[in-house]
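All chains are named by letter (A, B, ...) in the order of the sequence lines, taking the proteins before the strands, and each is independently numbered beginning at 1. These numbers come from the heavy atoms of this one structure, side chains and all, not from hydrogens, waters or symmetry mates.
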Protein chains: 2
Amino acid sequence: MGISRRTKSVDLITKEFESISGAISTTELIDRLSEQINKTTIYRVLEKLEDDGYVHSFLGKQGITWYAKCDNCTGHYHHDEHPHFQCTECGKVDCLPITVQIPKIENRTIDKTNVLILGKCNMCL
Amino acid sequence: MGISRRTKSVDLITKEFESISGAISTTELIDRLSEQINKTTIYRVLEKLEDDGYVHSFLGKQGITWYAKCDNCTGHYHHDEHPHFQCTECGKVDCLPITVQIPKIENRTIDKTNVLILGKCNMCL
DNA sequence: TATTTTACTGCAACTGTGTTGCAATAGCAA
DNA sequence: TTGCTATTGCAACACAGTTGCAGTAAAATA
């Protein structure tokens, strides 16, 4: 069940995603919007935007949730089957438009793969 | 700074790792040992055991910390550069003795790669 | 063995991320 | 304009993990 009404919260949050490059953590989003939207609402809107396929979520370095409106993923390819990169210097997180091959594994099926790559981004090299 | 004194807590925790196959989450370890060891101590001992290279830590599905005494990683190869597998049915987590190739990425350096594969394990197929 | 040093432990209180219940508000269709 | 109900804000909660500190106990030293 995604977004069914266009509200102030939805507008503010989508505008935030349009204005950034890369991903944003829920905590950062709450910091930026807490004077205008309650944090509970932020969590709930993000959930719905993900249902709608507008953003996707994943976990960053310390296990906190990040969201990205990734242009590289569309349609059925959506569910973040691409790796994410987090810079260990500045903390910035991006989607990587590459594919990571996972070998077949005996006696197991693979539903989903989460790949987080840690390193230095081009600004911090 | 790893373990420097052999205490009851260290014995109980290492004994737990000897008795299991695969990985164990901090929460499960606390459940099992909370009558014998305080949770703060469990967190602190795990940290030291990781410093010593006896176990390694990584994040599971919901961002909680897991530890494994993985036999496949030794010496400099230690720092969990292997993928981890979490069963979406039973929740069991294992180290996978395979290598995932990460392509070189322009304008970035790679320090570490976290790969979590979600799917069904051989018991749940 | 007795003493001393200090690593380790337990406790209580705290932090940060995320969730839940519920009453009030506000899109939007009719 | 009205009525339905999705959405919101608030307060309180849940849970993983951390911190400060005083007391305890390995283990080195005498």
A.B. asks: Would you please classify the geometry between the A/His82 ring and the A/His56 ring as parallel, tilted or perpendicular, with 30° and 60° separating the classes?
C.D. replies: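 Answer is perpendicular, since the angle exceeds 60°.
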A.B. asks: Mind calculating the distance between CG (A/Asp51) and C1' (D/dT7) to the nearest angstrom?
C.D. replies: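 For the pair A/Asp51 CG and D/dT7 C1', the rounded distance is 15 Å.
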A.B. asks: Between B/Phe17 and B/Tyr54, how do the two ring planes meet: parallel, tilted or perpendicular, split at 30° and 60°?
C.D. replies: perpendicular
A.B. asks: Please tabulate, one pair per line, each protein N/O and nucleotide N/O from nucleotides 14-20 of chain C that are separated by under 3.5 Å, including the distance.
C.D. replies:
from, atom 1, to, atom 2, distance (Å)
C/dG18, OP1, A/Thr65, N, 3.0
C/dG18, OP1, A/Thr65, OG1, 2.6
C/dG18, OP2, A/Thr26, OG1, 2.4
C/dG18, OP2, A/Tyr43, OH, 3.1
C/dG18, N7, A/Lys39, NZ, 3.2
C/dG18, O6, A/Lys39, NZ, 2.9
C/dT20, O4, A/Thr40, OG1, 3.4

A.B. asks: Just the rounded figure in Å: distance from C1' of C/dA7 to CE of B/Met1.
C.D. replies: 8 Å
A.B. asks: Nearest whole angstrom, please: distance from the P of D/dT7 to the CG of A/Leu12.
C.D. replies: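 These atoms are roughly 16 Å apart.
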A.B. asks: Looking at B/Thr7, B/Ile37, B/Ile13, B/Leu33, which one forms a side chain to side chain contact (heavy atoms under 4.5 Å, CB included) with B/Val45?
C.D. replies: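 Between B/Val45 and the candidates, side chain to side chain contact (heavy atoms under 4.5 Å, CB included) is satisfied uniquely by B/Ile13.
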A.B. asks: Quick check for you: to the nearest 0.5 Å, what is the distance between B/Asn107 atom CG and A/Cys124 atom SG?
C.D. replies: 12.5 Å
A.B. asks: Remember a base hit wins even if backbone is also touched, and classify A/Gln36 as base, sugar-phosphate or nothing at under 4.0 Å, heavy atoms.
C.D. replies: sugar-phosphate
A.B. asks: Step through the shown structure and confirm whether more than 12 heavy atoms of other residues, nucleotides or ligands are within 6.0 Å of CD on B/Glu106.
C.D. replies: no
A.B. asks: Under a 4.0 Å threshold between the charged nitrogen and the carboxylate oxygen, would A/Asp94 count as salt-bridged to B/Arg108?
C.D. replies: yes
A.B. asks: Please report the distance, rounded to the nearest Å, between CG in B/Asn38 and P in D/dT18.
C.D. replies: 13 Å
A.B. asks: What's the CD-P distance between B/Glu35 and C/dG10, to the nearest Å?
C.D. replies: 13 Å
A.B. asks: Starting at NZ of A/Lys61, measure out to CD of A/Gln86 and round the result to the nearest 0.5 Å.
C.D. replies: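 Between A/Lys61 NZ and A/Gln86 CD, I get 5.5 Å after rounding to 0.5 Å.
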A.B. asks: Categorize A/Ile42 for me: base, sugar-phosphate, or nothing, with a 4.0 angstrom heavy-atom threshold over every strand shown.
C.D. replies: nothing
A.B. asks: Between C/dA7 atom P and B/Ile3 atom CD1, what is the distance in whole Å?
C.D. replies: 13 Å
A.B. asks: Heavy atoms only: give me the nearest B/Gly60-A/Leu59 pair and the separation to one decimal.
C.D. replies: O-CD1, 4.0 Å
A.B. asks: Take atom OH of B/Tyr67 and atom P of D/dA16, then tell me their distance rounded to the nearest Å.
C.D. replies: 14 Å
A.B. asks: Output a table of nitrogen or oxygen pairs between the protein and nucleotides 24-28 of chain D separated by less than 3.5 Å.
C.D. replies:
from, atom 1, to, atom 2, distance (Å)
D/dA26, N3, B/Arg5, NH1, 3.2
D/dA27, OP1, B/Arg6, N, 3.0

A.B. asks: With distance as the sole test, does B/Gln36 use its side chain to make a donor-acceptor pair with the main-chain N or O of B/Leu12 at under 3.5 Å?
C.D. replies: no
A.B. asks: Rounded to whole angstroms, how far apart are CG on B/Leu33 and C1' on C/dG10?
C.D. replies: 15 Å
